[in-house]
Protein chains: 2
Amino acid sequence: MTGCRVSVDTVLFRLGLARLQVLLLRRLRPPFAGWSSLPGGLLHPREELQAAAVRILRQRAGLDDVYLEQLFTFGDPARDPRGRVITVAHIALVPPATPLPAGDASWTPLHALPRLAFDHRRIVDYALQRLRGKIEYSPVGFRLLPEEFTLTEVQEAYEAVLGRVLDKRNFRKKLLSLKVLRPLGRARKVGAHRPARLYRFEESRWEGVRDKGNVFVF
Amino acid sequence: MTGCRVSVDTVLFRLGLARLQVLLLRRLRPPFAGWSSLPGGLLHPREELQAAAVRILRQRAGLDDVYLEQLFTFGDPARDPRGRVITVAHIALVPPATPLPAGDASWTPLHALPRLAFDHRRIVDYALQRLRGKIEYSPVGFRLLPEEFTLTEVQEAYEAVLGRVLDKRNFRKKLLSLKVLRPLGRARKVGAHRPARLYRFEESRWEGVRDKGNVFVF
DNA sequence: TCAAAAGTGTTAAACGTACACCCATGA
DNA sequence: TCATGGGTGTACGTTTAACACTTTTGA
C-alpha cells in the first residue's frame, strides 16, 4: 500500500513599513497559473518536515536561517485538483532587513492579499491567528526584529501583529519588567529628534519568565 | 512521483479515579510486537485527516462521538522501522463513563505508562503538554466530564490534567464568574454527606468569555 | 525655535492568592 | 453524634489600564 503525497508550505512573515507582510510566489504553471501561492514543495523521501521547509525557503526564496515552527496539517482530499496532497503548513519569521527574494517572489501586505492558490488563504488566516495568540505569551515577536532594536520598534512589531495600537507607557513598563532585554548603552540617531536607546533580546533570560507563570500580554 | 505513507494516531484521554488515563492498544505483530501503542492507522485515499481519526477510534476502540483536535505532525524519517510513515497526531477527550473498549485496548494511567512503540511516548508527552496549556484558556476540560457534573468534579478534572492541587474557594469563584455553567437546581446524593449541586456546561455562553479577553487560569 | 519621536509616573479597578469554618447528610 | 464531602467570604498584594507632559535632537 502506498500513500498520498505530502507537501510542506510556509507562511513567511516579515515587517515592512510597520505592516505585516507575507512572502508569496507567482505560479507559472497550472493549476492556478498566474495566481499567487505560499512557498511550498513536496517532502523528499528521507527528509524531516522542518528540513523540507528550510530547503524550500532556500530554493524558492533564497533565505537561510529563519525561525520556523509547524502550524497545522491540512488534509482536505480536494485541496489540490491534481490529486491528493496533504500539506504540513509552517510559520516562519524573518527580520525586516531580509533581502528581497528572487524574481517570482514578493512581499505582500497581509491586508491586501490577492487570491491565493489551493487552500492557501485559509492557511494564511490560520497562521495569523496563531501568531497573534503566540506573541502574547512567547518571545516570538523578536524574530521579526533585527538583533538590535529600539523599544518603539518592538511596540510597532506587536501592533502590526495584533492589529491594534498599544499604550506606549504600559507597553514599555511591561516589556522592561520581564527583564529579557539587555540595554546596549548606545542609541540610534535618525532624524531631528531624540535618539532611541538600543536593546538586544536575551534568549537565556526568557526561561525564568515562563516558569514564573508570567505572560506577555499587552 | 508518489509520496510516503500517512498515518493518524490519537492520544485519547479520560479521567479514571481522579487520574488522567490514556487508551493504549497491545500490538500483536511486528514491529514492536507485544508493546503498547496509540490507536492509529493509515489514512485512506479520499479521507479527511479528522475523519480518519474518527474511523480508527470506532474500529479499534468501539468509540463514537469523541472530542477531537489535531495535535502535531511527526515526520522523523526513521520513526517507523518498516519505512517512511509520517503521522498526524490528534488529541481526543471522552467522559469517564465511556465503556471499556474491546479486548486489546486498555485505559492506562498517565503516570504509569509502559514502553510505547514507535515515537508514541513523545506523542503522549506532547499531547499532555498541549492539554495542560489549553485547559487554562479554553473549555476543553468539560469534554472529560459527563453532561451533568458537580463543581468538585470539575476541580478534580483540572487537578488531574494540571497535576497539582487547586484551592477550592478560588476555583469555584473563578469558574462561576465565567457564567458558562447552568445550575440544574438538582443535587446528587452519594454517601453520608451533603449532596452536591449539579451543573451543565453551556457551550453557547463561552463565546463572550474569549471575546472579553477573559481566560481560564487557576 | 520648531517639529518629531523618545522617554517617563500615578491612580483606580480588576484580578489572583492565601486562608478556615459551617452545612447537610446517612450511618 | 460523628464522619464525610459540600459550600462559602475576606483581606492583601499584584497586575492592568487609563491618561499627558518633558526631553533630546537636527533642521
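Every chain is numbered from 1, with letters handed out A, B, ... down the list of sequences.
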Problem - Heavy atoms from other residues, nucleotides or ligands near CZ of B:R19 exceed 12 (cutoff 6.0 Å) - result: no
Practice task
Going by the side chain to side chain contact (heavy atoms under 4.5 Å, CB included) test, name the single residue among B:L23, B:D65, B:L63 that passes it with B:T98.
Solution key: B:L63
salt_bridge([X], [Y]) N-O dist < 4.0 Å:
X: A:K179; Y: A:E202; result: no
X: B:E148; Y: B:R186; result: yes
X: B:E159; Y: B:R164; result: no
X: B:R143; Y: B:E203; result: yes
X: B:D119; Y: B:R79; result: yes

Practice task
Taking all non-hydrogen atoms of both residues into account, name the closest pair between A:D9 and A:G40 and its distance.
Solution key: OD1-CA, 3.2 Å
Problem - A:L20 versus A:L128, closest heavy-atom pair with distance - result: CD1-CD1, 3.8 Å
Just the rounded figure in Å: distance from [atom2] of [N] to [atom1] of [X].
X: B:K189; N: C:dA24; atom1: NZ; atom2: C1'; answer: 9 Å
X: B:F149; N: D:dG5; atom1: CZ; atom2: P; answer: 21 Å
X: A:R172; N: C:dT10; atom1: CZ; atom2: P; answer: 18 Å
X: A:R188; N: D:dG26; atom1: CZ; atom2: P; answer: 16 Å
X: B:L166; N: C:dC19; atom1: CG; atom2: P; answer: 15 Å
X: A:L198; N: C:dA5; atom1: CG; atom2: C1'; answer: 14 Å
X: A:F171; N: C:dG7; atom1: CZ; atom2: P; answer: 13 Å
X: B:L181; N: D:dG7; atom1: CG; atom2: P; answer: 12 Å

Atom pairs, N/O to N/O, protein against nucleotides 9-11 of chain D, distance under 3.5 Å?
from   : atom 1 : to     : atom 2 : distance (Å)
D:dT10 : O4     : B:K173 : NZ     : 3.1

Exercise for the section: Check whether any side-chain nitrogen or oxygen of A:R197 sits under 4.0 Å from OP1 or OP2 of C:dT8, and answer yes or no. Expected result: yes
Exercise for the section: Check whether any side-chain nitrogen or oxygen of B:K174 sits under 4.0 Å from OP1 or OP2 of C:dC15, and answer yes or no. Expected result: no
Practice task
Would you indicate what B:T152 reaches in the nucleic acid, counting non-hydrogen atoms under 4.0 angstrom: base, sugar-phosphate, or nothing?
Solution key: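 Result for B:T152 = sugar-phosphate.
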Pick out the pairs of N or O atoms, protein on one side and nucleotides 21-24 of chain D on the other, that lie under 3.5 Å.
from   : atom 1 : to     : atom 2 : distance (Å)
D:dT23 : O2     : A:R194 : NH1    : 3.3
D:dT24 : O2     : A:R194 : N      : 2.7

